[in-house]
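These notes concern the structure reproduced below.
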Amino acid sequence: MGLSNVGRDFIAQAIINDGSPTFFDNANAYIGVGNGTTAFEKTQTDLVGANKVRKKVDANYPIRSANAVDFRATYGANDANFDWEEWGVFNASTGGVMLNRKVENLGTKASGSIWVLTVTITVNN
């Protein structure tokens, strides 16, 4: 999983509360999935697939445990029914900051199915 440049800049901004950043809290956090297969580039600011959907994180998420943060979103029967080839964590339903992006084949979500995606971001030194 790659940290985007805007994600990196957000972290620096948030450390000193410079400019009132929009935090990745329950009110603002989204997980996006898409069908893009283009390799990650740190200059990307959104998922790259033609099909992409952002879902707000579930109630009580994100959850922090020491140096790890879990984000979880539930995609309903009519949400994101396509090949899931990429995902990222955002602080807005559109636009905003894409903290990270991962190109990974998670399978094809079919209409009628409900999928739950959990993303764990671990901060290491």
Side-chain angles (χ1 to χ4, degrees):
M1 167 187 60
L3 180 65
S4 67
N5 285 350
V6 292
R8 173 206 62 201
D9 295 348
F10 171 86
I11 292 168
Q13 178 187 25
I15 288 172
I16 62 169
N17 196 18
D18 179 24
S20 301
T22 301
F23 294 109
F24 290 79
D25 57 12
N26 182 261
N28 302 301
Y30 290 78
I31 300 176
V33 295
N35 66 347
T37 58
T38 302
F40 171 74
E41 292 289 335
K42 62 186 176 181
T43 56
Q44 293 164 340
T45 58
D46 197 0
L47 300 176
V48 300
N51 295 308
K52 52 191 167 189
V53 172
R54 292 185 193 181
K55 291 295 288 187
K56 189 173 181 318
V57 295
D58 294 341
N60 302 316
Y61 281 84
I63 297 171
R64 184 182 71 85
S65 177
N67 64 321
V69 179
D70 290 334
F71 297 85
R72 185 181 81 186
T74 302
Y75 296 79
N78 297 314
D79 300 324
N81 295 317
F82 49 77
D83 295 336
W84 287 19
E85 299 283 351
E86 60 178 336
W87 56 265
V89 175
F90 298 85
N91 68 351
S93 60
T94 60
V97 172
M98 179 176 71
L99 183 62
N100 63 335
R101 177 172 173 262
K102 173 81 173 174
V103 179
E104 177 179 27
N105 183 343
L106 298 176
T108 301
K109 183 177 174 301
S111 181
S113 62
I114 297 172
W115 283 18
V116 176
L117 179 58
T118 302
V119 173
T120 301
I121 296 177
T122 304
V123 179
N124 291 314
N125 54 1

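- Using modelled atom types, no side-chain atom of Glu86 and backbone atom of Leu47 make a donor-acceptor pair closer than 3.5 Å.
- For the pair Thr38/Gln44, a side-chain contact is recorded, criterion being any heavy-atom separation below 4.5 Å from C-beta on.
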Kindly list each side-chain donor-acceptor pair under 3.5 angstrom involving residues 2-12, sequence neighbours excluded, with atom names and distances?
unit_1: Ser4; atom_1: OG; unit_2: Gly7; atom_2: N; d: 2.9
unit_1: Ser4; atom_1: OG; unit_2: Met98; atom_2: O; d: 2.4
unit_1: Ser4; atom_1: OG; unit_2: Leu99; atom_2: O; d: 3.3

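- Contact between Pro62 and Val69 at its shortest, heavy atoms only, is CB-CG1, 3.7 Å.
- Both tests do not hold together for Arg54 against Tyr30: distance to the six-membered ring centre under 6.0 Å, angle to the ring axis within 45°.
- The two residues Ile31 and Ala73 make their nearest non-hydrogen contact at CD1-N, 3.7 Å.
- Counting all heavy atoms, side chain and backbone alike, Ala110 lies closest to Ser113 at O-OG, 2.6 Å.
- Between the side chain of Gln13 and the main chain of Asp18, a donor-acceptor pair closer than 3.5 Å is present.
- Hydrophobic cluster membership is shared by Ile15 and Ile121, with clusters built from Ile, Leu, Val, Met, Phe, Trp and Tyr side chains linked at under 4.5 angstrom.
- The two atoms that bring Pro21 and Ala14 nearest to each other are CG-CA, 4.0 Å, heavy atoms only.
- Two residues are said to be in side-chain contact when any heavy atoms from C-beta on lie closer than 4.5 Å; Trp84 and Leu117 meet this criterion.
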| request: Before giving the answer on side chain to side chain contact (heavy atoms under 4.5 Å, CB included), spell out for Thr74 and Lys55 the whole-Å C-alpha distance, their side-chain angles and the decisive distance to 0.1 Å. | output: CA-CA 7 Å; Thr74 302; Lys55 291 295 288 187; over 6 Å; no
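- Going from atom CG of Asn51 over to atom CG of Asn35 covers 4.5 Å, rounded to the nearest 0.5 Å.
- To the nearest 0.5 Å, the span separating CZ on Phe23 from CG on Asn28 amounts to 9.5 Å.
- The backbone N or O of Asp58 lies less than 3.5 Å from a partner atom in the side chain of Asn26, making a donor-acceptor pair.
- Counted within 6.0 Å of CG on Asn67, heavy atoms from surrounding residues, nucleotides or ligands total more than 12; the atom is thus considered enclosed.
- Side-chain contact between Trp87 and Asn100 is present, with at least one heavy-atom pair separated by less than 4.5 Å.
- Here the CZ-OH distance, from Arg72 to Tyr61, works out to 4.0 Å after rounding to the nearest 0.5 Å.
- Considering only heavy atoms from C-beta on, Val33 stays 4.5 Å or farther from Lys109 through its side chain.
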| request: Determine, stepwise, if the pair Val57 / Phe24 fulfils side chain to side chain contact (heavy atoms under 4.5 Å, CB included). | output: CA-CA 10 Å; Val57 295; Phe24 290 79; over 6 Å; no
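- By the 4.5 Å heavy-atom criterion applied to side chains, Phe90 and Asp46 are counted as neighbours.
- Linking Ile, Leu, Val, Met, Phe, Trp and Tyr residues whenever their side-chain heavy atoms come within less than 4.5 Å places Val119 and Leu106 in a single cluster.
- Heavy atoms only, all atoms of each residue included: Ala77 and Ile114 are closest at N-CG1, 3.9 Å.
- The hydrophobic cluster containing Val89 does not contain Val103, counting ILVMFWY residues as joined when their side-chain heavy atoms lie under 4.5 angstrom apart, directly or transitively.
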